[in-house]
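Everything quoted here is computed from the prediction, not taken from an experiment.
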Amino acid sequence: MNFKISNKLVYEAETPKGLLCRSIIIYVFIMTGSVLALSLIFRNADRLNFYFFINSCTVSILTWIIRKSFNIKSEEKHLAVFRIGLFFLLNSSLVSMAGGLALLERDVASLVAAVLYIPAILMIIYSFNRFIKYVNHNYQSVVSLSMTDELTGLPNRRHLNSKLREMEGRVGTICIADIDHFKKINDTYGHEMGDKVLRNTGAILSRLANEGVFISRSGGEEFAIIIFDSLNAGETVRKIKTSVSEVCNSKIKVTLSVGVATKQAAESADSAADEALYRAKRAGRNRIVHASKYSKL
Ligand SMILES: Nc1nc2c(ncn2[C@@H]2O[C@H](COP(=O)(O)OP(=O)(O)OP(=O)(O)O)[C@@H](O)[C@H]2O)c(=O)[nH]1
């Protein structure tokens with residue numbers, strides 16, 4: 001399909017929609033021109049007053065909105081309903097224009113304009129409501145996608161960063177859990193198996209997440225955990241570590257090294273947790289190490 005794309009517009013120039021868009025614009029020109037020509041032929045030009053000007057502006061604006069609506073790339077039905085509503089409204093204004101120029105009897109023009117106006121407004125209200133729902137739904141999907149790690153389904157680094165900002169000024173515990181010798185798993189069983197281990201680990205960890213325990217994949221084979229309830233933090237960390245180690249990951253034994261730092265309200269503890277993880281690795285892995293200091297190290 002031949003899409004004409006610019007930084008402002010996406011419109012399907014040669015498609016049925018593109019043709020429909022152009023047909024509507026041509027229709028508006030023909031109708032407005034005809035009304036004007038007939039008013040001149042029947043010597044009604046003295047009626048080209050303020051009322052005519054308002055109707056012309058309305059027709060122009062509605063044509064412009066219809067034209068713009070073709071820049072929205074969507075197959076949603078409510079968009080078609082919106083265009084039909086606008087088209088009805090546009091015709092209602094054209095009929096009013098013809099009535100104002102005495103090309104139609106005033107009562108007939110008012111009746112036809114009203115008959116077109118009522119369904120047009122109902123269609124616009126309906127489609128606008130649907131459009132708001134559609135936009136909100138898509139917005140939520142995009143936000144959720146941008147905050148989720150594709151492989152494990154856990155919150156990703158971006159989500160973690162927003163949680164860490166939330167943690168500022170609060171007491172809590174930050175843990176960084178890292179799968180031991182993960183490179184070896186990749187090298188021995190292949191990258192796909194490595195991915196499977198990460199997925200399984202993510203599934204185990206996601207079951208342990210709750211309102212007070214935020215678990216994310218912070219990168220590679222590393223998982224960052226924030227525990228908001230510091231009282232049970234020790235127990236939670238042990239549970240996280242044993243849950244991953246106890247479950248057989250496709251017959252591959254997986255162990256975690258965990259660095260833990262508990263922060264007070266005014267401190268930052270993520271670098272302290274990193275340092276504790278480093279010490280856990282150096283001490284032989286498969287263990288939990290608590291940071292000696294919680295602030296900058
Ligand atoms: N399969 C897979 N491998 C990954 C992914 N992300 C990172 N890795 C690999 O994870 C490995 C991490 O290796 P290292 O940083 O040396 O860590 P390690 O082998 O676990 O060693 P220690 O952490 O010291 O126990 C690297 O080989 C990366 O290529 C991923 O999404 N899938």
Evaluate the side-chain proximity of [Y] to [X]: yes if any heavy-atom separation is below 4.5 Å, no if none is.
X	Y	result
Val237	Lys241	no
Ile179	Glu222	no
Lys77	Ser127	no
Arg130	Phe82	no
Phe50	Asn55	no
Asn156	Leu160	no
Asp149	His159	no

Legend entry - Donor-acceptor contact below 3.5 Å, side chain Lys263 vs main chain Met167: yes

Could you tell me the separation between the [atom1] atom of [X] and the [atom2] atom of [Y], rounded to the nearest 0.5 Å?
X	Y	atom1	atom2	answer
Ser39	Leu101	OG	CG	5.0 Å
Phe182	Ile252	CZ	CD1	9.0 Å
Asp180	Arg287	CG	CZ	9.5 Å

Inset, instruction - Check the hydrophobic clustering (I, L, V, M, F, W, Y; side-chain heavy atoms under 4.5 Å; chains of links allowed) and say if Phe214 and Leu164 are grouped together. - result: yes

Legend entry - Salt bridge present between Glu166 and Lys163 (N-O < 4.0 angstrom): yes

Legend entry - Residues Lys183 and Asp187 bridged, charged N to O under 4.0 Å: yes

Legend entry - Near-ring test His78/Tyr126, centroid separation under 6.0 angstrom: no

Legend entry - Aromatic contact, Tyr27 with Phe87 (centres under 6.0 Å): yes

Inset, instruction - Please report the C-alpha distance between Glu275 and Arg279 in whole Å, then the side-chain angles of each, then the deciding distance to 0.1 Å, and finally whether the salt bridge (charged side-chain N to carboxylate O under 4.0 Å, His left out) criterion is met. - result: CA-CA 6 Å; Glu275 186 270 344; Arg279 287 200 284 126; 3.0 Å; yes

Legend entry - Polar contact flag, side-chain donor to acceptor under 3.5 angstrom, Ser69-Arg83: yes

